[in-house]
Colleague: 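Shown below is the structure under consideration.
Lettering follows sequence order; numbering is per chain, from 1. Given the structure is predicted, the values throughout are model-derived calculations rather than measurements.
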4 protein chains.
Amino acid sequence: MCRTTPSAGRKGRPRSAEADAAILSATRQALVDLGWSKLTMGDVAARAGVAKTTLYRRWAGKSELVVDAVAVLFDELELPPDRGSLAADAEYVVLQFAALLERPEARTALMAVVAESTRDEALRTRIRHAIVDRQKRLVLEGRRRAQERGELPYESDESAAARTADLIFDVVAGAVVHRSLVSAEPVDTQWARAFTVLLLGGLAAATGFAPSPR
Amino acid sequence: MCRTTPSAGRKGRPRSAEADAAILSATRQALVDLGWSKLTMGDVAARAGVAKTTLYRRWAGKSELVVDAVAVLFDELELPPDRGSLAADAEYVVLQFAALLERPEARTALMAVVAESTRDEALRTRIRHAIVDRQKRLVLEGRRRAQERGELPYESDESAAARTADLIFDVVAGAVVHRSLVSAEPVDTQWARAFTVLLLGGLAAATGFAPSPR
Amino acid sequence: MCRTTPSAGRKGRPRSAEADAAILSATRQALVDLGWSKLTMGDVAARAGVAKTTLYRRWAGKSELVVDAVAVLFDELELPPDRGSLAADAEYVVLQFAALLERPEARTALMAVVAESTRDEALRTRIRHAIVDRQKRLVLEGRRRAQERGELPYESDESAAARTADLIFDVVAGAVVHRSLVSAEPVDTQWARAFTVLLLGGLAAATGFAPSPR
Amino acid sequence: MCRTTPSAGRKGRPRSAEADAAILSATRQALVDLGWSKLTMGDVAARAGVAKTTLYRRWAGKSELVVDAVAVLFDELELPPDRGSLAADAEYVVLQFAALLERPEARTALMAVVAESTRDEALRTRIRHAIVDRQKRLVLEGRRRAQERGELPYESDESAAARTADLIFDVVAGAVVHRSLVSAEPVDTQWARAFTVLLLGGLAAATGFAPSPR
DNA sequence: GTTTAATCGAGACGGTACGTCCCGTCTTTGC
DNA sequence: GCAAAGACGGGACGTACCGTCTCGATTAAAC
């Protein structure tokens with residue numbers, strides 16, 4: 001999480017663990033109060049009751065700090081014990097993800113760090129490890145359940161299966177993010193249901209027609 | 001486009017149309033060279049050979065300026081004369097949109113202004129009018145063609161049809177943006193084809209299985 | 001008064017004489033309201049109901065404009081019909097001059113244009129002609145009256161007489177200005193009387209002692 | 001000298017004393033090169049090799065900075081060991097003061113800050129403490145010497161003596177400043193002698209006549 | 001129980017960009 | 001051809017943060 005591992009050097013005063021927690025918490029609160037672009041390192045330090053140097057000793061800059069601060073929010077996403085069908089699981093995940101994107105700290109931070117990462121390879125990697133990759137478990141777990149239920153086949157080609165999982169992930173996450181942040185329309189139950197129908201059944205199902213797919 | 005309409009009052013020296021064009025062009029070039037976060041109003045003014053006050057007379061800030069500067073890029077997206085099938089049209093649009101997102105000025109600007117807009121209602125409206133809404137024509141035109149070909153039904157419920165179009169738009173745009181910018185993976189022909197199959201046929205088609213949708 | 005003589009060119013619309021008066025009046029009011037350093041050309045133009053170009057067509061800049069605007073104030077200084085003695089005349093002039101320096105427009109403008117003139121030969125000349133030289137008449141007239149009364153001798157050496165008049169002028173004006181603006185102490189009747197005693201009788205009179213001047 | 005006393009709180013990095021000296025020196029040089037009205041805070045900072053914020057941390061603005069920068073020049077004024085008579089002492093001080101006013105940094109700064117102070121009580125106080133009051137010692141010391149020599153009486157009324165000293169100060173300083181800056185004529189030995197004669201002996205001595213002061 | 005060294009807070013430092021104000025000029029339309 | 005209006009290129013303003021650098025004062029492991 002931190003810039004340099006404090007356990008590397010063994011002598012001297014160890015870094016305060018409380019400070020870390022206070023900083024990340026202060027960062028989230030500052031995101032709520034100010035939004036990404038008005039958030040400043042100095043303000044976070046003041047909120048956390050910490051000197052600016054203490055921040056910079058742990059994080060290289062605002063982007064890295066914010067990625068770590070919001071990453072834990074995404075870890076709260078979970079599949080519920082059992083919803084009975086792939087459609088129900090998908091709908092549940094969509095609504096849960098949408099609820100997360102309603103939180104102002106996630107809302108303002110997510111797009112901002114992604115934008116920042118378009119010109120910063122290290123940041124891109126950090127986002128991927130801290131946020132993106134960890135949510136793919138939802139797709140994998142959903143597929144596993146659907147396969148157990150017999151809703152989806154067990155695929156023999158593992159790399160093809162991985163590609164499909166990535167595709168599903170981009171479609172689901174992308175659609176929800178786009179609806180919520182770009183189109184700025186609510187992701188409510190009605191939309192989630194329509195999206196799930198489209199996802200599972202394609203345009204055929206979404207329009208009540210039987211096209212002849214290629 | 002501008003902060004205040006100069007045509008409102010007809011007295012005094014009129015605003016320079018050349019300056020407008022120079023500023024927008026300079027903004028795009030600065031986005032390529034510096035990226036969103038390093039782009040400054042002063043730098044854009046200098047590149048455009050224009051005083052900072054001339055910028056601020058027209059745009060309230062960096063976000064508004066950048067939205068207008070990149071909006072024209074999105075207007076270049078077009079459906080080709082004829083591709084024969086809905087699948088082919090969709091694939092074409094996906095690849096064309098992906099190509100746009102490969103352009104550094106669009107790549108760095110799009111997410112940044114969306115992030116900014118999460119706390120700025122006026123900016124949200126501006127983005128919607130200048131960028132988002134204008135691309136929905138691709139979905140509508142694609143549907144019209146598919147309907148003419150008999151691939152999609154003519155829907156009687158207009159509001160339902162509009163909702164479906166919005167859904168398709170969010171899914172397509174969201175998936176491509178997420179793949180390209182968040183997952184940071186290439187949107188190549190292979191991916192575009194897989195996505196199109198999923199979009200038209202649903203998970204059933206994507207996994208080669210026949211699920212029983214709800 | 002003006003930058004270029006408007007009578008030089010005979011064709012086209014003649015310059016408005018009302019504008020001149022309005023501008024000078026607006027300048028004085030702006031000096032009262034804002035002081036020298038906050039006074040701007042644009043503000044004066046707006047107060048006068050005149051375009052900025054109209055100002056610049058007549059005056060080269062703020063300094064020149066202000067010199068002309070305050071010059072008329074100094075022309076109001078006059079010796080009264082008769083006060084009976086040189087001492088009384090001197091005291092009267094001192095108090096009258098002090099009253100002028102109490103007016104905020106004169107107070108803030110006088111030192112400012114003098115300061116500006118230290119690096120501007122043309123402005124120095126303008127100040128001398130418009131303000132300084134014209135007040136020397138008070139010294140000359142005072143001397144003439146004193147000579148008629150027999151209080152002062154008729155000097156035969158005219159250049160020496162002129163030098164003495166200049167000296168008196170610098171001493172009187174300088175003392176009052178310094179007391180009022182630099183020391184920032186009031187020039188009241190008591191001070192004016194003490195100053196007059198010193199001026200006429202020297203330190204001997206001022207301290208009630210008989211020194212032995214060189 | 002500074003805006004806030006850094007010695008108040010003893011925590012944090014102390015202010016650089018070198019920066020203070022560099023800034024004041026740079027200010028004097030900028031006054032010589034540019035004059036008061038063209039001197040800018042940014043230019044002074046650049047000359048001093050210092051950030052603009054470092055200036056503003058110490059001085060509220062240009063006026064305060066310049067007062068401190070030129071104050072030291074006035075401290076160089078001194079009475080010489082012994083000149084034998086009050087007249088000689090006075091003449092010496094007049095010439096020394098005139099020499100100071102020949103220095104372009106003093107010339108351009110003095111009137112400017114006085115002009116500024118007409119609408120700024122705090123600045124007026126600052127000028128009085130940093131410049132004006134400290135030069136009154138010359139008058140007091142000159143009187144003390146003259147009293148020792150028997151040229152002037154020891155006055156019993158202390159407040160009257162103080163008033164007289166203030167009067168002398170305003171007359172001497174005012175006359176020299178007015179001659180040098182307003183009349184823009186040289187303060188040479190001849191003028192200094194004529195002024196001293198007037199000061200010590202009054203108009204009687206200056207015109208070679210015996211008036212009958214009131 | 002000292003050393004010893006990395007930590008902590010505070011805040012000054014050299015910088016960069018901000019968005020505003022004013023400068024003095026130029027380019028319109030209208031009298 | 002002058003006037004009002006207002007846009008123009010330009011420069012300085014004073015502020016806000018940046019990320020770094022001293023400071024003196026802890027603080028805990030190593031000796």
Side-chain angles (χ1 to χ4, degrees), chain A residues 4 6 8-16 18-19 38-46 48-62, chain B residues 4 6 9-16 18-19 38-46 48-62, chain C residues 6 9-16 19 38-43 45-46 48-57 59-62, chain D residues 4 6 9-16 18-19 38-43 45-46 48-62:
Chain A
T4 55
R10 292 166 307 283
K11 286 173 69 171
R13 179 173 173 177
R15 287 189 186 160
S16 161
E18 293 174 18
K38 298 249 188 297
L39 177 147
T40 70
M41 296 295 270
D43 182 80
V44 169
V50 140
K52 267 199 301 175
T53 41
T54 301
L55 259 78
Y56 282 109
R57 211 172 280 123
R58 290 163 161 81
W59 289 277
K62 179 164 143 172
Chain B
T4 55
R10 66 226 163 280
K11 289 170 71 169
R13 178 174 173 176
R15 289 194 183 156
S16 161
E18 293 175 17
K38 298 248 189 298
L39 177 148
T40 69
M41 296 296 270
D43 183 79
V44 169
V50 141
K52 252 196 311 174
T53 43
T54 300
L55 259 80
Y56 283 109
R57 210 172 280 124
R58 290 164 162 77
W59 291 278
K62 180 165 142 171
Chain C
R10 293 167 305 281
K11 286 174 65 174
R13 178 171 171 178
R15 285 188 186 164
S16 160
K38 299 249 190 295
L39 177 149
T40 68
M41 295 295 269
D43 183 79
V50 141
K52 267 198 299 174
T53 40
T54 301
L55 258 79
Y56 283 109
R57 211 172 281 124
W59 290 276
K62 176 165 144 174
Chain D
T4 55
R10 66 223 163 280
K11 289 169 74 167
R13 179 174 173 176
R15 288 193 184 158
S16 161
E18 293 175 18
K38 299 247 189 298
L39 176 147
T40 69
M41 296 294 270
D43 183 79
V50 140
K52 251 196 311 175
T53 45
T54 300
L55 259 79
Y56 283 108
R57 210 173 279 124
R58 289 164 163 77
W59 289 278
K62 181 164 142 172

Colleague: Nearest-Å distance, CZ (B/Arg15) to P (E/dT28)?
Modeller: 15 Å
Colleague: Measuring from the side chain of D/Ala19 (C-beta onward, heavy atoms only), which nucleotide among F/dA5, F/dC17, E/dC13 has the closest atom?
Modeller: E/dC13
Colleague: From NZ of C/Lys52 over to C1' of E/dC21, roughly how many Å is that when rounded to an integer?
Modeller: 11 Å
Colleague: C/Leu55 has an atom CG; how far is it from atom P of F/dA5, in whole Å?
Modeller: 13 Å
Colleague: With respect to the side chain of D/Ser16, which nucleotide from F/dG19, E/dG19, E/dC13 is positioned closest?
Modeller: E/dC13
Colleague: Measure from OH on A/Tyr56 to P on E/dG11 and round the result to the nearest Å.
Modeller: 17 Å
Colleague: Just the rounded figure in Å: distance from P of F/dC17 to CG of A/Asp43.
Modeller: 8 Å
Colleague: For E/dC26, take OP1 and OP2 only and decide whether either is under 4.0 Å from a side-chain N or O of C/Arg57.
Modeller: no
Colleague: Given F/dC13, F/dA28, E/dC23, identify the nucleotide with an atom nearest to the side chain of A/Pro14.
Modeller: F/dA28
Colleague: Taking B/Lys52 for the side chain and B/Ala45 for the main chain, is one N or O donor matched with an acceptor at less than 3.5 Å?
Modeller: no
Colleague: In whole Å, what is the span from the CD atom of B/Glu18 to the P atom of F/dG9?
Modeller: 10 Å
Colleague: Looking for any heavy atom pair under 4.0 Å, which part of the strands does C/Thr53 touch: base, sugar-phosphate only, or nothing?
Modeller: base
Colleague: Grab the two heavy atoms, one from B/Thr54 and one from B/Val50, that are nearest each other, plus how far apart they are.
Modeller: CB-CG1, 3.6 Å
Colleague: Select one nucleotide: of F/dC8, F/dA4, F/dG9, the one nearest the side-chain heavy atoms of B/Val50.
Modeller: F/dG9
Colleague: Under 4.0 Å between a side-chain N or O of D/Thr54 and OP1 or OP2 of E/dG14?
Modeller: yes
Colleague: Assess whether one donor atom and one acceptor atom, taken from the side chain of B/Arg13 and the base of F/dC8, lie less than 3.5 Å apart.
Modeller: no
Colleague: Quick check: closest heavy atoms across D/Lys62 and D/Leu39, and the distance to 0.1 Å?
Modeller: NZ-O, 3.0 Å
Colleague: Testing the basics here: between A/Ala19 and A/Ser16, what is the closest heavy-atom pair and its distance to 0.1 Å?
Modeller: N-OG, 3.0 Å
Colleague: Nearest whole Å is fine: how far is E/dT20 C1' from C/Lys38 NZ?
Modeller: 14 Å
Colleague: Give the nucleotide from the list F/dG10, F/dA4, F/dC13 with an atom nearest to the side chain of B/Ala51.
Modeller: F/dG10
Colleague: If I take atom CE from residue B/Met41 and atom CH2 from residue B/Trp59, how far apart are they, to the nearest 0.5 angstrom?
Modeller: 8.5 Å
Colleague: For B/Ala48 and for B/Gly12, locate the closest nucleotide of DNA chain F by heavy-atom distance; then report the residue assigned to the nucleotide nearer the 5' terminus.
Modeller: B/Gly12
Colleague: From CZ of B/Arg58 over to C1' of F/dG9, roughly how many Å is that when rounded to an integer?
Modeller: 12 Å
